[in-house]
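First the structure, in the form of structure tokens, and then the observations on it.
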Amino acid sequence: MVTRASSHKASIEIVPYTAAHGEAVDRMNAKLAAGGSEWQFPGQERPADADELPVWTESFVAVEEEDAYGGYILKHQDFFLDGRRLPVGDLQLPLSLGEIDGAYSRVSAGLLFDVLRRSPHCYSLGLGSEETQFAKLLAAAGWQHVAVPFYFSVKSGNRFARSIRLPAEKRALQIVLRTLGRLGLAGVALWARHRLAAHGKPAPPAEAYDDVLELPRFERFADGLFAAHAGSYSFVGDRSAAALDLLYPPEDERFIRLLVQRAGRPVGWAVLLDTRMRDDKYFGDLRVGSLVDCFAAPEDAFSVVAAADEHLSRRGVDLVASNQLHTAWCDALEQAGYQRGPSNFFFYFSSDLAEELGRLPNWDQRLHVNRGDGEGPTHL
């Protein structure tokens, strides 16, 4: 399938990426870098065995003759809507020279038109802000969106206060934190703030879990959990063992896979990261733990959150963070003492997908979406 997008020059075709486009994409990336863009487009061919895989990605590129002007990545994965299977596309890294040159602004619209032809039930996750060029384009095209709440728990108060980087409008708070951190008082201040915030809230469950195993890969327990509980969610991506091992490859040592058990049976699992930041624009040099993905029955969400939090705390992280959309997982994080902060992580979904979701009762409270559903679970 080929989509044509008009430009100031002629007709630009949007086609599946192949190795033959490599040099053109390299030249496009050089132009983006020279124009001040922080993004680069990674060409990725459709896997030869794509039809046999539960999750796979491919790239599409906007080309004219020997030049490339934009592209996007499309992840293919089955999702389940109240247990009903639906193939869904995940639009990742839509990028064009329109980011640095207004003469190519229509290329971005062409990319969006193209992805909807290939995958009408589509979403895009992340975007950083509702004010980005592509976020505005999605909104203009009728896509709906919600912010995926961001939660955090400080484990090392003084290091957090000395390293965290707040927005410019919170400069006064930044100064206070730096001062408390240097004086060694931030830990006490944050503990008191947490105690005050927890006052009057119900105590968390006592026997949430009794065993946690760190595993090198996902096994059959994941299939059983997903078969038993996928129908509890209005929208959840395939979390079978085969899909999980593609999303979190066993050879990638960054991912920490936890099996959470109670009374000798699996109740859920979590995928974690333990990342030492280096001059990060948000976290400075903090050691950040993150709950990037998880699954259980909604009523067992706290068991998984509590186990993940304890595991990362024992590893010595300074901070634990997570983005979760489902109300049960948000409540579980709050029960575990997490605070909610401003989110730069958004879930945009096409009008066709919105129509499917709109048929389900209370669908907006039961979307199980987190960083594991995007292209960058290893990036906060």
Side-chain angles (χ1 to χ4, degrees), residues 1-18 21 24-44 46 57-76 87-147 344-357 373-376:
M1 182 186 299
V2 174
T3 298
R4 298 182 184 276
S6 61
S7 74
H8 73 300
K9 291 178 65 180
S11 179
I12 293 177
E13 296 182 336
I14 302 174
V15 299
Y17 174 87
T18 69
H21 299 118
V25 168
D26 288 343
R27 291 194 297 272
M28 179 183 74
N29 283 332
K31 292 175 184 177
L32 287 166
S37 173
E38 63 177 308
W39 303 106
Q40 295 281 280
F41 184 75
Q44 185 170 347
R46 174 190 172 102
T57 59
E58 61 180 329
S59 297
F60 296 88
V61 60
V63 297
E64 180 191 38
E65 297 179 352
E66 301 299 320
D67 291 312
Y69 298 93
Y72 67 89
I73 299 170
L74 183 62
K75 182 175 74 173
H76 302 265
V88 173
D90 170 19
L91 171 60
Q92 301 178 359
L93 198 63
L95 189 61
S96 82
L97 292 181
E99 183 179 345
I100 60 171
D101 185 347
Y104 296 99
S105 58
R106 292 186 179 181
V107 175
S108 295
L111 296 176
L112 178 57
F113 177 73
D114 186 72
V115 74
L116 288 175
R117 283 172 57 90
R118 301 179 193 275
S119 181
H121 301 105
C122 193
Y123 71 89
S124 193
L125 196 59
L127 282 77
S129 167
E130 298 163 291
E131 300 304 314
T132 64
Q133 179 186 18
F134 206 80
K136 291 180 179 179
L137 180 61
L138 292 176
W143 287 42
Q144 297 183 33
H145 74 281
V146 294
N344 64 354
F345 203 63
F346 297 89
F347 175 57
Y348 279 77
F349 48 105
S350 69
S351 55
D352 280 19
L353 183 52
E355 183 178 347
E356 293 284 349
L357 290 169
D373 294 297
E375 83 280 9

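Below, all heavy atoms of this structure are taken into account, side chains as well, without hydrogens, waters or symmetry copies.
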Test side-chain contact (heavy atoms from CB on, under 4.5 Å) on His21 and Val15; report intermediate values, then the result. CA-CA 10 Å; His21 299 118; Val15 299; 3.8 Å; yes

Please test Ser96 against Phe41 for side-chain contact (heavy atoms from CB on, under 4.5 Å), starting from the C-alpha separation and ending with a verdict. CA-CA 9 Å; Ser96 82; Phe41 184 75; over 6 Å; no

Sub-3.5 Å donor-acceptor pair from the side chain of Ser119 to the main-chain atoms of Cys122, do we have one? no

In terms of relative ring orientation, are Phe349 and Phe347 parallel, tilted or perpendicular, with 30° and 60° separating the classes? parallel

At what distance, to the nearest 0.5 angstrom, does CD1 of Ile14 lie from CZ of Phe113? 9.0 Å

Determine yes or no for a side-chain-to-main-chain donor-acceptor pair under 3.5 angstrom, with Ser59 supplying the side chain and Tyr17 the backbone. no

I would like to know whether His145 and Glu130 meet side-chain contact (heavy atoms from CB on, under 4.5 Å); could you show each step before the answer? CA-CA 9 Å; His145 74 281; Glu130 298 163 291; 2.7 Å; yes

Will you find, in the side chains of Tyr123 and Asp373, an N or O donor that is under 3.5 Å from an N or O acceptor? no

Taking every heavy atom of Ile100 against every heavy atom of Leu32, the minimum-distance pair comes out as CD1-CA, 3.9 Å

If you take all heavy atoms of Gly374 and Leu125, which pair is closest and at what distance? N-CD2, 3.6 Å

Using the side-chain contact (heavy atoms from CB on, under 4.5 Å) rule, take Glu58 and Lys75 through it: C-alpha gap first, then chi angles, then the decisive distance, then the call. CA-CA 7 Å; Glu58 61 180 329; Lys75 182 175 74 173; over 6 Å; no

Keeping the roles fixed (side chain from Arg46, backbone from Thr18), state whether a donor-acceptor pair exists under 3.5 Å. no

Tell me which one of Phe60, Phe134, Trp39 satisfies side chain to side chain contact (heavy atoms under 4.5 Å, CB included) with Pro94. Phe134

Mind listing the closest non-hydrogen atom pair of Pro42 and Ile73 along with its distance? CG-CD1, 3.7 Å

Test item: Ser124 side-chain N/O and Tyr348 main-chain N/O as donor-acceptor pair under 3.5 Å: no

If I take atom CD from residue Glu356 and atom OG from residue Ser351, how far apart are they, to the nearest 0.5 angstrom? 11.0 Å

Rounded at 0.5 Å granularity, tell me how far CD in Gln40 sits from CE in Met28. 8.0 Å

